[in-house]
Asker: 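One structure coming up, written as structure tokens, with questions to follow.
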Amino acid sequence: MLEVEGLACRYGRIPALKGIDLRVAQGELVSLVGANGAGKTTLLRALSGVLPTWAGQVRFEGADITALAPERRVRLGIVQVPEGRQVFGPLTVEDNLRLGGYLRRRAEAGRALERVYAMFPVLRGKRSEPAGTLSGGQQQMLAIGRGLMAAPRLLLLDEPSMGLAPRLVEEIFACVRSLKAEATTIFLVDQNARAALAIADRAYVLETGRVVLEGSGHDLLSNDQVREAYLGL
Amino acid sequence: MNFLEVESLSKVFGGVHAVEDLSFDFQAGAVHSIIGPNGAGKTTLLNLLTGIYSPSAGRIRFEGQDLTGLAPHEFARRGIARTFQNLQLFFNMSALENVMVGRHLHERCGLASALLRFPRLSREELACREEAAELMRYVGLARYLGTAADAMPYGALKRLEIARALATRPRLLLLDEPAAGLNPTEALELDQLIGRLTGRGVTVVLVEHNMHLVMGVSDHILVLDYGRKLAEGPAAAVREDPRVIEAYLGSAAAARNLGAAGAAPRAGIGP
Amino acid sequence: AQEPIRIGAFLSITGPASFLGDPENKTLELYIEKLNAAGGVLGRKLQLIAYDDAGDAEKARTFARRLIEQDRVDVIVGGTTTGTTMAVVPLVESAQVPLLSLAGAVVIIEPVKKWVFKTPHTDRMACEKIFADMRARKLSRVALISGSGGFDKSMRGECLGVAKKAGIQVLADENYGDRDTDMTAQLTKIRNTPGVQAVLNPGFGQGPAIVTRNFRQLGLKMPLYQSHGVASKEFIRLSGEAAEGVRLPAAALLVAESLPASDKQRPVVVGYKREYESRFKSEVSTFGGHAYDGLMLAVEAMKAAGSSERAKVRDALENVRGYVGTAGVVNMSAKDHMGLDLSAFRMLEVRKGDWTLVP
Amino acid sequence: MSAQFVQFLLTGLTVGAIYALVALGFSIIYNASQVINFAQGEFVMIGGMATVWFAAAGVPYAAAIPLAVAAAAAVGLALEKFAVEPARGASVVTLIIITIGASIFLRGLATLIWDKQLHVLKPFSGDTPIVLGGATLLPQSLWVLGVSLAIVLALAWFFGRTLLGKAMLATSNNRLAAQLAGIRVRHVLALAFALSAALGAIAGILIAPIAFTSYDVGVMLGLKGFAAAILGGMGSGAGAVVGGIVLGIAETMSAGYISSAYKDAIALLAMLAVLFFLPSGLLGRRGTERV
Amino acid sequence: MAARFATPRAGGMAALAALIALLPLGLRNDYFYDVAILVGLNAIVCVGLNLLVGYAGQISLGHAGFFGIGAYGSAILATRYGWPPLAAMLAATLAAAAIAFAVGRPILRLRGHYLAMATLALGVIVYMVISTEDRFTGGPDGMTVAPLAIGGWALRDPRLWYWVVGALLLAAVWFALNLIDSPTGRALRALHGSEVAAEVVGVDATRHKVMVFVVSAVYASIAGSLNAHFSGFITPAKVTFLHSIELVTMVVFGGMASTFGAVVGAAALTTLPQVLTPLKDYEMMVLGAVMMGTMIFMPRGVVPSLQALLTRRRDAAAAAAAPAPRPGDGQ
Ligand SMILES: Nc1ncnc2c1ncn2[C@@H]1O[C@H](COP(=O)(O)OP(=O)(O)OP(=O)(O)O)[C@@H](O)[C@H]1O
Ligand SMILES: Nc1ncnc2c1ncn2[C@@H]1O[C@H](COP(=O)(O)OP(=O)(O)OP(=O)(O)O)[C@@H](O)[C@H]1O
Ligand SMILES: [Mg+2]
Ligand SMILES: [Mg+2]
């Protein structure tokens, strides 16, 4: 479904990605692990088109989308839940969610809204509060909900469990699994590397802008290097 | 006299009772953790304890002094420092300067001496710079001494906030989700750092969702839910409390998993 | 070839007084060109060096210094406003360069400054002319409404100063801002002041036109006097029908074509008006006329002195007698560096959308 | 006495409605980009001057007005494309200086294309004053009030009810997140500039019959509009209107009852007093930021 | 380490001093001196304003008001009441400081655009008082100002003025650099970065903001007084909000949070209109275009952008190793 070849990105003159090759197949759940500053966020931003690519190619379902504008990618179904929540602070919770479904028809968006509320009941209670006043974890739920509103076909999740209570972390991972069951393709970045690897079909390890390891989630979990560097074992 | 006394503290936003009729005492020299579901009011509580919000009702006493209603810098002057859930750094400065700002309270610098650059000032500046650098090494940021704050990775920035807070020479240090965004290996370093802090005589209040960290370092845990106290006690008791499992920890299995905290891997917090 | 004669100018071509400075600048350009086409003066070409001070006194002073030190001009025309002129006075006095100001206030020539002359009538004369007309119509209790600019305030001050002597009682004294869009509040206050028989509005730009319209809108019936600051057809265009019956003192230029053939000024003002209007496709104002007078006085003086030397030109300027300009007949003297008297002012009234002479 | 009060009130309303229209223009651009557009006053100027120009060329009002509004909108688009967008990511102050540069540029351009004279437009429905409770009002003032009201309602609907309106707010708040939500941020920004330029132009056309127009009308109206927008709360449509009307009435009342020389100072003092108690204006958003 | 930090300031001071000392070689006549003096006076205002705007991050669109208080205070006391000019200047400066202190507390509670408007209003109010109270100020037509006399000797020659203003500018820059490098200056920059964070480490935000507001007002007021005495004539044109905006433009143009940038900005925007005069009708357009273009291509201002360019040249080779900036957490 998604093929990345030799992707390189820079911030100014500083290279952040140095030739990434990876594939995500239809219906797969692929995890990406790496230390702070490895370039995980950068990669997701490049995939969403909000960061220009310096070199390389990105193909989605066979079509070259390297130069496609971000909104066109959203239209194709490439949807990202960004790191650091990035909610629209002054807008209400409901407006935030509705904007998540910006490109969808009203009726469809309405149904999606109900689903999100069912998943995160807190948000329903706060639907007309400005998003900026939510607690950190509530904002994270909002960010995830907003992503789901766009009917993703390829969902890019950047640290979705950050700041969430243990109970909710369980729920988020359960939700990821059920999305996968509904045939949504998922590309997941999470500091909770153990959980992220445990549910992944396949995974990549990123180090200073390069893919250094790749394999099934299970294999990587038992890889000694990974255990020491990312799992704290 | 208790170190930190909070008495029927409340904070209301519009109709939301973010903190409601909350009372507790914290003892000096211990690590106190505050946990609770998202939106339970933990950050709000820290904001109250540092004067960023003034309470709708209730009192805050620190080392016997009533601090209710004072400005944030007054709280700092009394020896309370903190970090933020969302980074609040001075991105227009270098990392070292960020920490030097933390020394502000301990510098004697009037307008006149600043404008005229009295020699005493230069000497003090040198000392300040040295102490800040020392603190950065202490939290493990030795390699970022000259780096601009806006060019540092997330994990380093979290520690930079801690260094800056330490520069105020606090007796009470409040940490709001210091481990968020850190991978398990990095969280482990944090664990050790907190241990060293208590060794220095700093009382730590930790707000955190990473249960391994919390269960590992806490002497005492306060659990909040809907702004109220849900439970309180030593780690072992709190983690067995069914109300805490129900509201916060999720499946009993997860809680039991934590039971073996000492030996268990310090990584995942999920299933 | 001979050195050209350098005429310096600093004018408020932009800014709040651009209304005055713009036609002044155009006039200078036009006539320098014409004079040169006719062979120049004293057999030498004229060169105009004009700067835009945008109404800022500081800039005016700097430009004046530039004209004197850098451009080495022989004479300076300018100072569109009293402020810009006064800022330059110390400079020209010490550098000894003749200055022909185009601004109105009395302070410019009173006390007399050796090197400073001016071409327009003073605002005090305007007040005297207006008050005389009021007395003739048996109006003695008036209300003032003035703008906040230098021109407006200076004239307001002069009018308040000479009112008593002219037997006029000022019952109300209102103000409006530079760019206000509505003056009904002030006029309503005037309307509700008992005993007011006439209203006088010192000012230039759009303010007086708005006052005139608001005046009619509120149904005020008493006579309305404007100042020489709105002496151009533009005022009538802006005010529309509301201008009917408004009186103001102005130079003959505004009624050029209806002057009797015997009038000494007629050929001058008709000539200037035709030149200006055919060249710029817009109506003359008395302000352009002031610049014309300034330039021509300088030329007269140079011719009389037979030289462009600063000191000689100054002496010749002080001795100008019977020069017929757009503002009137100028008779300078050591005590009078303007040389105009009240007869130079005509009282005009707007009738059927045009200026007419009040007999 | 009371007729006098009514007169002051009506005058204040008219003046205030003009400020409100200018303030709305500020608010729209601010909402979409967080930029305070100091060239807003120039749109007012372009509206008035272009209409005068078209009318002088023999174009009937019914065509001249839309043409002028379109011209202003085009200038607004150009401003966004050539001056604001290239400086994306620059600090707010830098953007403010850019718009100040733009306003100087546009004013200079206006003196070249047009002139430095004052111009007047014929009132839309005659000059005969309407008498209301002993006070009078020009028909043109009714136009100003009516059109302002219509625009405010339209904008309230746009920002409050339509997804595009919300998208505009979202874009200014967080450009990255807006892109990720599928919003075409460039189009949204362009739309905001065009819209606010058009609004400014409409204001300029409506007031030209009352207060005339010239190359530099924008300076003072821009200032008053900015004050109104701040007084009402930056970014709030209703706030812009309330701010404009309050400012207008404060000015006329102080001219009428206190001192016409100090009326602007008094109005500004009143504004400062309001800000001391309501630091984000009368209807500004409050408390959406926290730590 | 201290040496490393002392170098740019000492170097900058030396360069500025050398420039001031050598500039007269290029000043052909009094007109050039006149312009140079105006540059110096504007630079003094801008250096002070930059402390407030560039370092502490508090915008002010009302500093022409303080300039006006200095100019008119000094002018009125010296000219109408016969005070010795230096005493008049001192009194005016104290008045400006007192006013800044009094209004600073309530006004500086406001943020961003609200602060901009409030300071703008403050400036406009000062302007209105000055242009209305014509008994004292001469109104819009302005007033003549006595020359700067010390004892019986009056300072009139622009060439002397040049050295006086040059020396004062150096002092102004030196004080500003000292302040920025002190703990107080660091606290100010911290306020700019994050006000809450500064507060929780013990910085009294209000006190510091008011303090720097007063300092910048004093800078503006002194420059105003000097300007009045130098010109010998003063009109309210220098007190309008347009002049306030011009001052901020100079600061931003030269580079925020760069003291030498403020000097460069003042120099550029003071001389530009003099240079553009031959363009006549196109002058305004070109001025506007230059402003826009500079800010688009050098968004951080001339000096910081050029500095960045130079350093980049210098360590272009070592570039790859340097860590990159990253934005803070989303909210
Ligand atoms: N806006 C930016 N400008 C310059 N450099 C940046 C920027 N954002 C990120 N970087 C740099 O690019 C590199 C990769 O950063 P990225 O945010 O992609 O890492 P990450 O793997 O997502 O880390 P984290 O776990 O902290 O989220 C880092 O060195 C970072 O400092
Ligand atoms: N400034 C505010 N305005 C309105 N509501 C607020 C404000 N600050 C907090 N709240 C509300 O108070 C409640 C508690 O928020 P708080 O941030 O203290 O939660 P928390 O315990 O820190 O949660 P998390 O673990 O998700 O960070 C939330 O429901 C939040 O929406
Ligand atoms: Mg990341
Ligand atoms: Mg929190």
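Since the structure is predicted, the reported quantities are computational estimates derived from the model, not experimental observations. So that the names make sense, note that chain A is the first sequence line, chain B the second, and so on, each numbered from 1.
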Asker: Under a 4.5 Å cutoff for heavy-atom pairs, which residue among B/Glu161, B/Met100, B/Glu74 has the most contacts with chain E?
Answerer: B/Met100
Asker: Of all of E/Ala198, E/Ser182, E/Ala197, which one pairs up most often with chain B through heavy atoms under 4.5 Å apart?
Answerer: E/Ala197
Asker: Ignoring hydrogens and geometry, is there a side-chain-to-backbone donor-acceptor pair from B/Thr198 to B/Ile194 under 3.5 Å?
Answerer: yes
Asker: Sort out for me which of B/Pro72, B/Ala76, B/Gly51, B/Cys128 touches chain E most, counting heavy-atom pairs under 4.5 Å.
Answerer: B/Pro72
Asker: Ring of B/Tyr138, cation from B/Arg200 - is the NZ or CZ under 6.0 Å from the centre and inside 45° of the axis?
Answerer: yes
Asker: Within 45 degrees of the ring normal and closer than 6.0 Å to the centroid, is that where the cationic atom of B/Lys11 sits relative to B/Phe13?
Answerer: yes
Asker: Looking at B/Asn98, B/Leu115, B/Ile52, B/Leu105, which makes the most heavy-atom pairs under 4.5 Å with chain E?
Answerer: B/Leu115
Asker: Establish, for the pair B/Arg159 and B/Tyr144, whether the NZ or CZ atom is under 6.0 angstrom from the six-membered ring centre and no further than 45 degrees off its axis.
Answerer: no
Asker: If we define contacts as heavy-atom pairs under 4.5 Å, which of B/Arg117, B/Glu124, B/Arg164 has the most with chain E?
Answerer: B/Arg117
Asker: Please check if the side chain of B/Arg129 supplies one atom and the backbone of B/Leu96 the other of a donor-acceptor pair under 3.5 Å.
Answerer: no
Asker: Do you know which of E/Leu179, E/Thr184, E/Val203 has the most heavy-atom pairs under 4.5 Å to chain B?
Answerer: E/Val203
Asker: Between B/Thr168, B/Ile80, B/Thr50, B/Asn92, which has the largest tally of heavy atom pairs under 4.5 Å with chain E?
Answerer: B/Asn92
Asker: When you measure from the side chain of E/Ser225 to the backbone N and O of E/Gly70, does any donor-acceptor pair fall under 3.5 Å?
Answerer: yes
Asker: Of the listed residues (E/Asp204, E/Leu191, E/Val196, E/Ile180), which shares the most heavy-atom pairs with chain B below a 4.5 Å separation?
Answerer: E/Asp204
